[in-house]
Amino acid sequence: MRIAYADPPYIGCAHLYRDHVDFAGEVDHAQLIERLQSEFDGWVLHASATPTSIATLAPLVASTGARWMSWVKGFAAFKRNVSVAYAWEPVIVKPARKPVVSKRLVMRDWIQESITLKRGLTGAKPEAVCHWAFEMVGACPDDDLADLFPGTGAVGKAWSTWRGKFTLPITPNAQP
């Protein structure tokens with residue numbers, strides 16, 4: 001299966017990345033969701049919890065079969081003049097296949113994990129959030145993952161560590 005992981009600059013926040021090498025301005029989310037639907041079997045899309053973001057994205061994903069989930073941030077960045085912190089964000093998931101209940105993770109439509117700090121770009125996702133998203137999208141270790149907004153490379157690294165959970169360790173003196 002082909003799975004996409006999309007963690008684009010959030011609606012109205014592209015200016016935060018203007019110094020990044022692949023900066024391209026505001027993301028056309030209608031075009032992005034159309035691409036996710038047409039090119040991939042399943043996908044993950046991170047978004048902002050602002051009213052503008054939710055109002056923009058809701059009609060775009062309404063007919064996709066995707067589910068709105070939540071990343072709750074136990075520790076989040078507090079901004080001056082914002083009296084109530086944005087300490088959660090929507091994670092929209094269109095499963096490639098039905099997720100499998102296993103001993104790897106308790107299946108919930110939310111995860112609580114603190115933000116990352118000093119990872120090179122604002123919004124770099126923690127490994128645990130990526131692992132949870134891979135489970136929610138119903139990924140398998142042999143699936144093809146496309147990180148559409150690689151930024152720091154955190155998603156690709158998390159994909160490698162998640163896939164490593166499925167391999168048996170090489171033991172010394174093992175018989176072939």
Could I get the full list of side-chain contact (heavy atoms from CB on, under 4.5 Å) partners for [X], not counting sequence neighbours?
| X | result |
| --- | --- |
| Ala47 | Ser53, Leu57, Pro90 |
| Ala133 | Tyr5, Val44 |
| Asp144 | Arg2 |

Minimum side-chain heavy-atom gap [X]-[Y] below 4.5 Å:
| X | Y | result |
| --- | --- | --- |
| Trp68 | Val93 | no |
| Val91 | Trp132 | yes |
| Ile54 | Thr50 | no |
| Glu135 | Pro99 | no |
| Leu45 | Leu32 | yes |
| Arg97 | Cys140 | yes |

So which heavy atom on [X] is nearest to which on [Y], and how close?
| X | Y | result |
| --- | --- | --- |
| Trp43 | Val137 | N-CG2, 3.5 Å |
| Asp143 | Gly138 | OD2-O, 4.2 Å |
| Pro9 | Phe149 | CD-CD2, 4.1 Å |
| Pro8 | His29 | CG-NE2, 3.7 Å |
| His46 | Val129 | CE1-CG1, 3.9 Å |

Quick one: salt bridge (charged side-chain N to carboxylate O under 4.0 Å, His left out) partners of Glu89, sequence neighbours excluded?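 Only Lys73, Lys125 meet the salt bridge (charged side-chain N to carboxylate O under 4.0 Å, His left out) criterion with Glu89.
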Salt bridge (charged side-chain N to carboxylate O under 4.0 Å, His left out) involving Glu39 - partner list, sequence neighbours excluded: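 Salt bridge (charged side-chain N to carboxylate O under 4.0 Å, His left out) list for Glu39, sorted by chain: Arg35.
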Residue pairs, two or more places apart or on separate chains, that pass salt bridge (Lys or Arg N to Asp or Glu O under 4.0 Å) and touch residues 45-69: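 Passing the test, one end in residues 45-69: Arg67-Asp109.
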In Å, rounded to the nearest 0.5 Å, how long is the span from [atom1] of [X] to [atom2] of [Y]?
| X | Y | atom1 | atom2 | value |
| --- | --- | --- | --- | --- |
| Leu148 | Phe40 | CG | CZ | 5.0 Å |
| Cys130 | Asp147 | SG | CG | 8.0 Å |
| Leu60 | Ile33 | CG | CD1 | 4.5 Å |
| Trp88 | Trp110 | CH2 | CH2 | 14.0 Å |
| Leu36 | Gln31 | CG | CD | 11.0 Å |
| Ser70 | Ile111 | OG | CD1 | 10.5 Å |

Determine the sole option in Met107, Arg108, Lys94 for which the side chain to side chain contact (heavy atoms under 4.5 Å, CB included) test with Met136 is passed.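 Among the candidates, only Met107 passes.
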Hey, what's the ring geometry for Trp162 with Trp159, parallel, tilted or perpendicular (30° and 60° as the breaks)?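 Trp162 and Trp159: parallel rings.
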